[in-house]
Amino acid sequence: MQKFEKIGAFGLTEPEVGSGAAGGLTVTCKKTPEGWILNGQKKWIGNATFADLVIIWARDLDDGEVKGFIVEKDNPGYSVEKIKGKMALRIVQNGLITLKDCLVTEENRLQNANSFKDTAKVLRMTRAGVAWMATGCARGAYESALDYTRKREQFGKPIASFQMIQGHLVEMLSNLTAMQTMVFRLSEMQDEGILKDEHASLAKVFCTLRTRDIVSRAREVMGGNGILLEYDVARFVADAEAIYSYEGTKEINSLIVGRSITGFSAFV
Ligand SMILES: Cc1cc2nc3c(=O)[nH]c(=O)nc-3n(C[C@H](O)[C@H](O)[C@H](O)COP(=O)(O)OP(=O)(O)OC[C@H]3O[C@@H](n4cnc5c(N)ncnc54)[C@H](O)[C@@H]3O)c2cc1C
């Protein structure tokens, strides 16, 4: 995968278990003399329909801990169905994976993943990435809106010359600048090796919340054209919804930050 020769996917979420993955995974693994047997389903797994391999997180029936496995696409116990009818991130293929007595060798068990704490280390990195993704989505919407409002004329003038339109643009740019600054610092902290879960969660919450506001203003200043796909902003509006919910919802990431700043865990 590091050589970009194989495509991977990350299989954590399940049809009935999303936010509660830390304590509630129902996909199971069981050690046998032949290897590990995996059973259950994973939902929403990005790239799963064409990935060469998928990392499956499963609960060990013997010790109750979450373990990670490399499952290759030609494994006879593995099958995947494309999730249809998405209104957001339509370019990304998400899959519903079924594992039926799926046999995986001990060699394909992630040797350093021994509990959900190890899974969470991956989420720390991917959440930071989603904060960047939100920033890109917001920037695309802002730039499209700025361009449109400078060209679109009403009352004989570009709408960008109206005070209330400028108010929207400035609010968008203020939030965008704060987001860009935050994600830049996040990457610096990642490089310095000091990035913690709460930092990634804080950025994920802030950037995805602000993105929702920015894409909504972008759509607003474009009037009716804002809902047409050809002007791009409608796509950003839809994508912002998916980005807002995956890699931990606003609530779950807020609970991670809340626990860190108060010292009290409010997880149920
Ligand atoms: C486009 C897309 C791509 C994805 N890609 C992947 C992927 O590649 N791999 C993967 O493993 N998963 C993936 N996911 C799954 C994603 O991470 C989950 O959708 C997300 O974690 C939320 O889980 P859920 O959808 O089951 O919602 P639920 O957990 O059912 O949550 C529903 C609502 O209840 C709220 N809620 C839940 N618990 C609490 C609580 N304790 N307190 C307050 N509110 C709470 C949530 O915040 C949310 O608002 C993807 C999802 C999408 C939409």
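What's counted below: heavy atoms across the whole structure, side chains too, no hydrogens, waters or symmetry copies. We count ligands from 1, going down the list as the structure has it; atoms in each ligand are counted the same way.
Among all protein heavy atoms, the one lying closest to atom 41 (N) of ligand 1 is Val268 CG2, 3.9 Å. For atom 51 (C) of ligand 1, the closest non-hydrogen atom of the protein is Tyr246 CB, 3.5 Å. Residue, atom and distance of the protein heavy atom nearest to atom 25 (O) of ligand 1 are Trp44 NE1, 4.5 Å. Among protein heavy atoms, the minimum distance from atom 46 (C) of ligand 1 is reached at Thr249 OG1, 3.5 Å. Atom 28 (P) of ligand 1 has as its closest protein heavy atom Ser19 OG, 3.6 Å. Scanning the protein heavy atoms around atom 10 (C) of ligand 1, the nearest turns out to be Thr13 OG1, 3.4 Å. Nearest protein heavy-atom contact of atom 39 (C) of ligand 1 is Ile252 CD1, 4.1 Å. For atom 24 (P) of ligand 1, the nearest non-hydrogen atom of the protein is Gly18 CA, 4.0 Å.
When the shell of 6.0 Å around CD of Glu251 is examined, it contains more than 12 heavy atoms from other residues, nucleotides or ligands. Other residues, nucleotides and ligands contribute more than 12 heavy atoms inside 6.0 Å of the CD atom of Gln166.
Classification of Arg185 and Glu188 as a salt-bridged pair holds, one side-chain N sitting under 4.0 Å from a carboxylate O. Ion pairing between a basic and an acidic side chain is recognised when a charged N comes within 4.0 Å of a carboxylate O; Glu14 and Lys42 show such pairing. The existence of a salt bridge linking Arg217 and Glu171 is confirmed by a sub-4.0 Å separation between a basic side-chain nitrogen and an acidic carboxylate oxygen. A salt bridge does not link Glu241 with Lys86: every distance from a Lys NZ or Arg NE/NH1/NH2 to an Asp or Glu carboxylate oxygen is 4.0 Å or more.
Atoms of ligand 1 lying under 4.0 Å from at least one heavy atom of Ile45, given by number and element, are 7 (C), 8 (O), 9 (N), 10 (C), 11 (O). The ligand atoms of ligand 1 that sit less than 4.0 angstrom from a heavy atom of Glu251 are 43 (C), 44 (N), 46 (C), 47 (O), 49 (O). Remark: ligand 1 atoms within the under-4.0 Å shell around heavy atoms of Gly46 are 7 (C), 8 (O). The ligand atoms of ligand 1 that sit less than 4.0 angstrom from a heavy atom of Ser245 are 20 (C), 22 (C). Close approach of ligand 1 to Glu247 (heavy-atom distance below 4.0 Å) involves ligand atoms 17 (O). Within ligand 1, the atoms closer than 4.0 Å to a non-hydrogen atom of Asn94 are 2 (C), 3 (C), 4 (C), 5 (N), numbered from 1 in the order shown.
Clustering of Ile, Leu, Val, Met, Phe, Trp and Tyr by side-chain heavy atoms under 4.5 Å joins Phe264 with none of the others.
Looking at Asn114 and Arg109, their side chains come closer than 4.5 Å, going by heavy atoms from C-beta outward. Here the side chains of Asp232 and Arg235 are in contact, with some heavy-atom distance below 4.5 Å. Under the 4.5 Å side-chain criterion, counting only non-hydrogen atoms from C-beta, Trp57 is in contact with Leu110. Looking only at side-chain heavy atoms (C-beta outward), Lys30 and Asp62 come within less than 4.5 Å of each other.
Every N/O-N/O distance between Leu89 and ligand 1 stays at or above 3.5 Å. Polar contact with ligand 1: present for Phe10 (N/O pair, distance under 3.5 Å). Checked by distance only, ligand 1 and Leu12 come closer than 3.5 Å through their nitrogen or oxygen atoms. In terms of N/O distances under 3.5 Å, ligand 1 is not approached by Lys86. Among the atoms of Lys43, none of the N or O lies under 3.5 angstrom from an N or O of ligand 1.
Residues Val71 and Tyr78 share a closest heavy-atom pair of CG1-CD1, 3.8 Å.
Within a 4.0 Å radius of atom 43 (C) of ligand 1, the protein contributes at least one heavy atom. Atom 20 (C) of ligand 1 is approached by the protein to below 4.0 angstrom, counting heavy atoms only. Distances from atom 30 (O) of ligand 1 to the protein include no heavy-atom value under 4.0 Å.
Ring centroids of Phe69 and Trp36 are separated by less than 6.0 Å, placing the two rings close together.
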